[in-house]
Each structure stands twice: as structure tokens, then as C-alpha cells.
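Before any comments, here is the structure.
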Amino acid sequence: MNADELVEIAVEVDGEAAEAVAELFNRFNGGDWVEDSAAGEASGGGAVLESTGYDDFGNPLDGEFRLVVKTYLKPGPRGRTIQKQIEEGLWRLRLLYPMPEPVARPVREEDWAHAWKRHYKPLRIGKRVLLAPAWEEPNALPGDVVVRLEPGMAFGTGLHPTTRLCVAALEKWVRPGDSVLDIGTGSGVLSIVAAKLGAHPVWATDIDPLAIRVAGENAELNGVSLGFDQLYVRHGSVPEDQEGQFSLIVSNILAEVLIGLFDAAYGNVPLAAPLAPGGRMILSGILEEKAGTVVAAAVRHGLLEVERLQEGDWVAITVQSEREA
């Protein structure tokens, strides 16, 4: 394999299995792309499958609805190790869900980037937030909050319903001067939106070093200052030294991960610990059928549901601390 090639691992699944496969890919590789070949949408940076009969790489389509979950691996020993871990995990998942064998193939990084960029267009969310790729000039209206993104291989283009739901919730709840914590920032889109809505300081954390780099680059692209005063990008998850410091926390991950974070399964600090008394938390990456378990975890930590937004099968839940400010 050439140095400029990636290994694409793709598997076709239904909606329930898609979440399980996406979680598996995130666990081992820190990024996944979910493609809906019927709707022509993609979350993350995967190539969109079109209804013309062929995808961007010349593969024939049968026109049937399906979800394709993909992840991309860098070449080298680490990539081969991750590929083996993913293939073993998929073998176990096939015992629970009907799905075909995964398809692995080399993809030139340049081809991958150009293919999905053709389908990433400016997107208006809520009343005044306009998400736009760095290479396009959006038609902004007076008063619009324009956020330009170069997602690279980090999650968060705004194409996925969970990102759109979070942005809409941020537009409603963020007030100038609010302190915001974005856990699992990906491309930094939610942190940058919060900063442009007037929040400061904004902290953005992610366990993926690539996401930290991309989020910092996107902040600079949008004229958002990096540092403790405006946007502080930090490697990790729930910060251990910021108990009660943030008036708003946003986390767009997966239901199972959110529940684990609430119960400090991935570290020493529960997800709700950094939330200030009376503060709010926006939780997304949640399938409708899993919403109740996430709310139950929030309630165990003194939080009360105050709003639920939904798009298709995905929901974003806003909860609020019952402690007085």
C-alpha cells in the first residue's frame, strides 16, 4: 500500500446495527462515517452514495435503502492492528445482527477527500446559524452566525442530524458570557458555534489527538482565539479540575458512552461534575429508543429534562441541574 492511501472498511447494516458498528469503529479508530444511500446523506467525511446508480468511486448501486458504516485507517503497523481488532469485533456483532462481511479496500486519501467535499454544502440551522465548508462562500444574511469548517478526518460537518440538533439547542440556550464545555468536540463545530454565539470561555475536549488538531485549525479559520479566554482545546474527556465551572455542557457522542460518562466509567469524574448549579446540559448522538436510559442516568445525577428535539430517529435532550444557582 502507498503512503498516500487509506484502508476503507465498510459494512452495510440496518439502523439498530449501525449504532453498534459505529460505536465499535469509534472505540478502535476514533471516527466513523454513516452513509444513507437512499437519502444521499452522510455523517462525517465519507463519500456520499448517490442515486445515479454509481457512487463516487464507480461502484454500482442497486437503489435499495441501506446504511453503510465506514471507517478509514492510516497505513502501517498500527493501522493493521486496528483493522484486526475491528474485524474481530464485527465477527462478534454478526452473531447478534444480520450483516454481510465487511469490505476492506485501499482508497487514495486525495480521492476520498475530493469525493465527499462535492456533497458538503452550506447548511442553515435554527434561525441564524449557517454552517459552511471552508472552500465555499455561503449566502449569509445580516445577523447570521457563520461557521466555516474543514473537518478533515474528524467527526462533525453538520450533515448528521445529531450535530444539527445540538446546534439548534445551542442557539436557544447559549447566552453571551456563558461558560461552555464541549465533550467529544470532533471538528470543533459545536465549540465554535458556542463561541460565536458569545460564550466564553469555551472548553473543548476529545480523546482523539487528530480531533484536537482539527478543532484548533477550525477555530483559527473562524477567527476564534485559542486560549483560556475564548476557546481552550484540551486532550481528554471530562476535565478533573473544573467541578461546577460551566453553565452549559454539550456532548454529542452515543447513548452508551454518555451513560458511561455519567457514571464515571471512563475516568474519575462524572459527566455532571463540571456543571454549575442551575446549569444546562445538551446531550445528543442518541437514538430515540435509547433516550429513556440517558435521561435516567441524568436524573441519577440530579438533572431534570427540560427539552427534547428530534430529527428522524435521533434526539437531543437538554437537562438542567436541580441545584439552585
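Numbering of residues begins at 1 and proceeds along the displayed sequence. Just so it is clear, the values below take in all heavy atoms, side chains as well, and ignore hydrogens, waters and symmetry mates.
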Identify all side-chain donor-acceptor contacts of residues 313-322 below 3.5 Å with residues at least two apart in sequence or on another chain.
{"unit_1": "Thr318", "atom_1": "OG1", "unit_2": "Trp173", "atom_2": "NE1", "d": "3.4"}
{"unit_1": "Gln320", "atom_1": "NE2", "unit_2": "Gly278", "atom_2": "O", "d": "3.2"}
{"unit_1": "Ser321", "atom_1": "OG", "unit_2": "Arg323", "atom_2": "N", "d": "3.2"}

With a 4.5 Å heavy-atom cut-off, do [X] and [Y] have their side chains touching?
X      : Y      : result
Glu171 : Ile125 : no
Pro201 : Phe228 : no
Val238 : Pro274 : yes
Val295 : Arg308 : yes
Val250 : Ile183 : no
Ser284 : Ser251 : no
Arg148 : Pro138 : yes
Ile259 : Leu261 : no

What's the separation between atom [atom1] in [X] and atom [atom2] in [Y], rounded to the nearest 0.5 Å?
X      : Y      : atom1 : atom2 : answer
Leu90  : Leu95  : CG    : CG    : 11.0 Å
Arg213 : Glu217 : CZ    : CD    : 4.5 Å
Leu283 : Leu254 : CG    : CG    : 12.5 Å
Glu88  : Ile86  : CD    : CD1   : 11.0 Å
Lys127 : Leu141 : NZ    : CG    : 14.5 Å
Asn252 : Leu190 : CG    : CG    : 6.0 Å

**Message:** Within a 6.0 Å radius of atom CD on Glu87, are there more than 12 heavy atoms belonging to other residues, nucleotides or ligands?
**Reply:** yes
Report yes or no: do [X] and [Y] belong to one cluster of Ile/Leu/Val/Met/Phe/Trp/Tyr joined by side chain heavy-atom distances under 4.5 Å?
X      : Y      : answer
Val294 : Val299 : yes
Val146 : Leu231 : no
Trp91  : Leu96  : no
Val257 : Leu271 : yes
Val269 : Leu275 : yes

Any donor-acceptor pair under 3.5 Å linking the side-chain atoms of [Y] with those of [X]?
X      : Y      : result
Asn218 : Ser187 : no
Asp208 : His235 : no
Ser237 : Thr205 : no

N/O donor-acceptor pair under 3.5 Å between [X] side chain and [Y] backbone:
X      : Y      : value
Arg175 : Lys172 : yes
Gln83  : Leu73  : no
Ser191 : Asp182 : no
Asp263 : Gly260 : no
Thr162 : Gly285 : no
Gln230 : Ser225 : yes
Thr293 : Lys290 : yes
Lys196 : Val147 : no
Asp144 : Leu130 : no
Gln310 : Gly312 : yes

**Prompt:** With under 30° as parallel and over 60° as perpendicular, where do the rings of Phe262 and His301 fit, or are they tilted in between?
**Reply:** parallel
**Request:** Output all residues satisfying side chain to side chain donor-acceptor pair (under 3.5 Å) with Arg234, sequence neighbours left out; order by chain, then residue number.
**Result:** Asp241
**Message:** For Arg280 and Glu307: C-alpha separation, side-chain torsions, deciding distance, then whether salt bridge (Lys or Arg N to Asp or Glu O under 4.0 Å) applies.
**Reply:** CA-CA 10 Å; Arg280 298 184 181 93; Glu307 183 182 60; over 6 Å; no
**side chain to side chain contact (heavy atoms under 4.5 Å, CB included) between Arg164 and Leu123, worked out** = CA-CA 9 Å; Arg164 296 197 293 266; Leu123 177 68; 3.5 Å; yes
**Message:** How close do Pro100 and Arg94 get, counting heavy atoms only, and between which atoms?
**Reply:** O-CD, 3.8 Å
**Request:** List the steps, then state whether side chain to side chain contact (heavy atoms under 4.5 Å, CB included) holds for Arg124 with Val129.
**Result:** CA-CA 6 Å; Arg124 183 171 295 279; Val129 175; over 6 Å; no
